[in-house]
Amino acid sequence: MVKVATTRLDRTLVARSALRLLNEVGLEGLTLRAIAADLGVKAPALYWHFKDKQALLDEMATEMFRRMAADLPAIAAPDWRDGLTTVMRGLRGHLLRYRDGAKVYSGTHFTDTGYAATMDAHLRGLTGSGFTPRTAARAWFTAYSYTIGYVIEEQSGMEGIDLAARAERLAAYPLAAGAGEEIFGNHEAGFESGLAAVVAGIALTVLPSGA
């Protein structure tokens, strides 16, 4: 049964429909045709709002950020380590709410400046803790890149790996075989361990000396 549109179509409505369908079909299965059917319109109607799928992904990422912004507390000086850690945990948690969420979010361009106030607050917390504007930006982007990359891997087939079978297959390479538990085991613990290493590294190599 085809749905019939009952509300005026706009970019936000389309993005919300796309995010809803994302959990059902994943990024590869997400098409403008499927979104149009969900909204009860013909596919060409969506091209009034989005020239291509990338433009839609940009709007989806922007909508994802709108939803997560309220849950990401600003980094407060001087406790930048706890603040940055908390923000990255929150980012990961939100991305995991969507199938292929990190792939959708990465490499996109926000379609408005709504993110700027949140970003400014985070960077202000870092500069208030002794970072320069440049090193604050580097610290933020380093932790952000780690988090996005981890979740992309986490959502790309790391679940369900038979570690015993993997170890048997790699028996001639004991170090590679033994690494399986650390890489594919507890994702929560793995993320926390890596994030702690990133934050510690930022403190040693990015934070200005003496700060």
Side-chain angles (χ1 to χ4, degrees), residues 1-74 84 86-123 137-138 140-160 187-188 191 195:
M1 181 177 178
V2 178
K3 294 182 181 179
V4 178
T6 58
T7 57
R8 185 175 180 274
L9 202 63
D10 60 29
R11 292 173 63 88
T12 299
L13 183 64
V14 175
R16 289 174 178 172
S17 172
L19 287 171
R20 186 168 60 250
L21 286 175
L22 183 66
N23 284 336
E24 298 177 15
V25 301
L27 182 57
E28 292 300 319
L30 187 68
T31 64
L32 291 176
R33 184 182 297 276
I35 297 166
D38 183 67
L39 291 168
V41 300
K42 299 294 185 180
L46 301 186
Y47 287 101
W48 286 100
H49 303 281
F50 303 100
K51 64 179 181 179
D52 53 30
K53 187 173 180 179
Q54 185 57 54
L56 172 61
L57 293 176
D58 289 344
E59 189 64 35
M60 290 169 66
T62 303
E63 178 62 21
M64 290 168 70
F65 182 81
R66 293 184 190 117
R67 296 178 181 184
M68 75 173 69
D71 294 336
L72 300 181
L84 189 59
T86 298
V87 169
M88 294 306 147
R89 285 172 180 160
L91 174 60
R92 173 175 175 263
H94 273 272
L95 294 176
L96 288 174
R97 294 182 184 182
Y98 308 95
R99 181 175 170 183
D100 296 327
K103 286 184 179 179
V104 171
Y105 200 76
S106 65
T108 52
H109 301 278
F110 291 137
T111 59
D112 60 37
T113 59
Y115 69 93
T118 299
M119 184 175 185
D120 209 61
H122 293 320
L123 294 175
R138 177 52 52 197
W140 168 263
F141 191 66
T142 298
Y144 171 87
S145 298
Y146 163 75
T147 301
I148 293 290
Y150 190 94
V151 181
I152 287 176
E153 290 295 329
E154 192 173 5
Q155 294 182 317
S156 297
M158 289 174 67
E159 296 286 353
H187 300 316
E188 190 78 24
F191 174 77
L195 182 59

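The shortest non-hydrogen separation linking Ala74 to Ala121 is CB-CB, 4.0 Å. Summarising the geometry of Ser106 relative to Ile148, their closest heavy-atom pair is CB-CG2, 3.6 Å, with the distance given to 0.1 Å. A pairwise comparison of heavy atoms in Ala55 and Asp52 identifies N-OD1, 2.9 Å as the closest pair. Closest heavy-atom contact between Thr86 and Pro73: CG2-CG, 3.9 Å.
Side chain of Ser17 to backbone of Leu13: no donor-acceptor contact under 3.5 angstrom is found. The closest donor-acceptor contact from the side chain of Gln155 to the backbone of Gly101 lies under 3.5 Å. Thr113 places no side-chain N or O within 3.5 Å of a backbone atom of Ala116 that could act as its donor or acceptor partner.
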Discussion item. Under the criterion side chain to side chain donor-acceptor pair (under 3.5 Å), I'd like the reasoning laid out for Asp58 against Thr111: C-alpha separation, chi angles, the key distance, then a yes or no.
Written reply: CA-CA 6 Å; Asp58 289 344; Thr111 59; over 6 Å; no
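Lys103 places none of its side-chain heavy atoms less than 4.5 Å from the side chain of Val151. Side-chain contact check for Arg20 versus Asp38: some heavy-atom pair is nearer than 4.5 Å. Taking 4.5 Å as the limit, some side-chain heavy atom of Leu39 sits within range of a side-chain heavy atom of Leu46. No side-chain heavy atom of Val104 sits less than 4.5 Å from a side-chain heavy atom of Leu95. Using a 4.5 Å cut-off on side-chain heavy atoms (C-beta onward), Thr108 and Thr62 make no contact. Side-chain contact between Leu91 and Met88: present, with at least one pair of heavy atoms (C-beta onward) separated by less than 4.5 Å. In this structure, the side chains of Leu57 and Leu27 come closer than 4.5 Å at one or more pairs of heavy atoms.
Contacts of Thr147 classified as side chain to side chain donor-acceptor pair (under 3.5 Å), with partners at least two apart in sequence or in another chain: none. Listed by chain and residue number, Arg66 satisfy the salt bridge (Lys or Arg N to Asp or Glu O under 4.0 Å) test with Asp112 (two or more places apart in sequence, or in another chain). Applying the side chain to side chain contact (heavy atoms under 4.5 Å, CB included) test to Glu24 and every residue at least two apart in sequence or in another chain returns Leu21. Remark: Arg97 pairs with no residue by the salt bridge (Lys or Arg N to Asp or Glu O under 4.0 Å) rule, at least two apart or across chains. Residues meeting the side chain to side chain donor-acceptor pair (under 3.5 Å) test with Asp120, sequence neighbours left out: Arg124.
Using cut-offs of 30° and 60° for the angle between ring planes, the Tyr150 and Tyr146 rings count as tilted.
Separation of atoms CG (Leu56) and CD1 (Ile35) is listed at 4.5 Å; rounding is to 0.5 Å. Distance NZ/Lys42 to CZ/Arg33: 9.0 Å, rounded to 0.5 Å. Between Arg99 atom CZ and Leu19 atom CG the span is 14.0 Å, to the nearest 0.5 Å. Taking NE2 of His94 as the start and CE of Met64 as the end, the distance is 9.5 Å to the nearest 0.5 Å. For the atom pair CG (Leu72) and NE2 (His122), the distance works out to 5.5 Å, reported to the nearest 0.5 Å. Rounded to the nearest 0.5 Å, atoms CD (Glu59) and CG (Asp10) are 9.0 Å apart.
Looking at Tyr98 and Arg67, their side chains do bring a donor and an acceptor atom within 3.5 Å of each other.
Counting only residues at least two apart or in different chains, ring-ring contact (aromatic ring centres under 6.0 Å, His included) contacts with residues 18-73 comprise Phe65-Phe110.
A cation-pi arrangement, defined by a distance under 6.0 Å to the six-membered ring centre and an angle within 45 degrees of its axis, is present between Arg92 and Phe191.
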